[in-house]
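Below is one structure, written out as structure tokens; the observations come after it.
Read the numbers this way: they start at 1 and go in the same order the structure lists the ligands and their atoms. Along the sequence shown, residues carry numbers from 1.
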Amino acid sequence: MRKRKVIIDCDPGIDDSLAIMLALQSSEMEVVGITIVCGNAPVEMGFENAKKVLQQMGRLDIPVYIGADKPIKREYVNALDTHGPDGLGESFLPDVAGYHQEMCAAEFLSHTLKQDKISIIALGPMTNLAELIKVDKEAFLQIDELVSMGGSYKSHGNCSPVAEYNYWCDPDAAALVYETMYAAGKQIHMVGLDVTREIVLTPTILEYMCRLNQEIGMFVRKITKFYFDFHWQWEHIIGCVINDPLAVAYFLDKSICDGFDSFVQVETQGISMGQTVVDAMNFYRKKANAKVLTKTDTKRFFELFFSRVLEIDVEQLDILQDIV
Ligand code: BDR
Ligand code: CA
């Protein structure tokens, strides 16, 4: 089977790190590069964190490129309150040396997308993609499949009553990406809060991970502790919502989520800044520029995640069904 080539554009970030781990452990895809955008963490910190995850996974062969350090128009607001002062849950893992930057993220994207059939899984604000549109729209339009963790349809926001962080952080970038896809007659796969809120890593699930694979389980425990505390404080949840790995799981297996095609516009101003306005009833009579995911199968997600990341056969996950 030919591996599908993928670039992961991300802002690691706790859940971004889990998503990278899942991608690296999935033989159906080849991660040809990781591009970093400012989001959860400032871009230099995100770059360091990506290398820490690659080190943990023994994959320092994968190139990592630094991208935008601020949104295209607005002031940058990080999410270190959610992801910890080091952006990786106060794990304070040592920096990993190496990695010379021969080019920035937009240059890498522009260069690489024209060479092959490559998809993008975007797990952070879409600033790098907006910059690519500005400098090389032709390359942007060559993206094979664009899966974006961001937005929400009916679920409430996590940064405002209506806005999800990735699109709220750089609404102008998200709006430009959706507009450009619309103009080209293409579709984004929108893995928004409606589905990612179904993916809660609970203490029991985490404990099970540690029992099955102590090394990986302990790494996940280390980077998620702060995230657990944040969720308890702000959302009164025992556990944490791990958004980004679902985008990777969906990329691997489309049947893990279900949804509908719709025209989507991202609001860039005022109290609903960053909101995804989903024209589910087709008021605008515009062609769908998005597949909006609304349902997911939590058990199947964890089966996929556990079997890949912990390297355990699905048949051996005997108690998973009782704890998800
Ligand atoms: C998104 O924002 C970030 O905090 C997470 O990494 C995820 O990509 C969820 O709103
Ligand atoms: Ca992210």
Side-chain angles (χ1 to χ4, degrees), residues 7-23 34-43 45-47 49-50 52-53 64 67-68 71 76-89 91 105 120-129 146-153 155-171 173-174 177 188-201 220 223-224 226-231 233-235 237 239-251 266 273-276 293 296 301:
I7 295 170
I8 300 181
D9 185 56
C10 59
D11 58 338
I14 297 166
D15 55 339
D16 298 79
S17 302
L18 300 176
I20 293 171
M21 291 164 77
L22 175 58
I34 296 178
T35 50
I36 309 293
V37 64
C38 66
N40 294 325
V43 71
M45 190 187 278
F47 174 64
N49 288 342
K52 292 174 188 178
V53 178
V64 186
Y76 168 48
V77 183
N78 66 46
L80 295 179
D81 61 336
T82 316
H83 292 261
D86 60 347
L88 214 48
S91 54
I120 292 192
I121 305 179
L123 306 174
M126 292 206 276
T127 320
N128 286 343
L129 297 183
L146 175 55
V147 176
S148 159
M149 190 284 126
S152 66
Y153 168 46
S155 194
H156 58 87
N158 59 5
C159 275
S160 82
V162 294
E164 176 281 329
Y165 176 75
N166 289 337
Y167 293 3
W168 174 87
C169 179
D170 195 344
V177 169
I188 301 171
H189 298 263
M190 184 180 120
V191 183
L193 295 174
D194 303 272
V195 278
T196 65
R197 280 207 165 101
E198 301 297 316
I199 309 297
V200 181
L201 180 69
V220 174
I223 67 170
T224 53
F226 188 94
Y227 214 27
F228 272 80
D229 295 341
F230 173 87
H231 278 76
Q233 192 181 350
W234 294 102
E235 304 215 6
I237 294 175
C240 55
V241 177
I242 48 167
N243 305 278
D244 294 338
L246 183 62
V248 175
Y250 170 76
F251 177 80
V266 181
M273 185 181 88
Q275 180 178 16
T276 37
L293 285 324
T296 192
F301 166 80

Contacting atoms of ligand 1, where contact means under 4.0 angstrom from a heavy atom of Asp15: 5 (C), 6 (O), 7 (C)
Less than 3.5 Å apart, any donor N or O on the side chain of Ser155 or Asp194 sitting next to an acceptor on the other? no
Using only N, O or S atoms, tell me which atom of Asp11 is closest to the Ca ion (ligand 2). OD1
Met149 heavy atoms, cut-off 4.0 Å: which ligand 1 atoms fall inside? 1 (C), 7 (C), 8 (O), 9 (C)
Any idea which atoms of ligand 1 are less than 4.0 Å away from a heavy-atom of Glu164? 1 (C), 2 (O), 9 (C), 10 (O)
Before we go on, tell me: are the rings of His83 and Phe226 under 6.0 Å apart, centre to centre? no
Backbone of His156 reached by a side-chain donor or acceptor of Arg197 within 3.5 Å: yes
Please list, in number order, the atoms of ligand 1 under 4.0 Å from a heavy atom of Asn158. 9 (C), 10 (O)
Atom OG in Ser152, atom CD in Gln275: separation rounded to 0.5 Å? 7.0 Å
Taking the Ca ion (ligand 2) as the reference point, name the nearest N/O/S atom of Asp244. OD2
Using a 4.0 Å heavy-atom cut-off, say whether Leu123 meets ligand 1 through its side chain, its backbone, both or neither. backbone
Can you tell me which portion of Thr196 lies within the under-4.0 Å heavy-atom range of ligand 1? Options are side chain, backbone, both, or neither. neither
Look at Gly13 and state whether any of its N, O or S atoms is less than 3.0 Å from the Ca ion (ligand 2). no
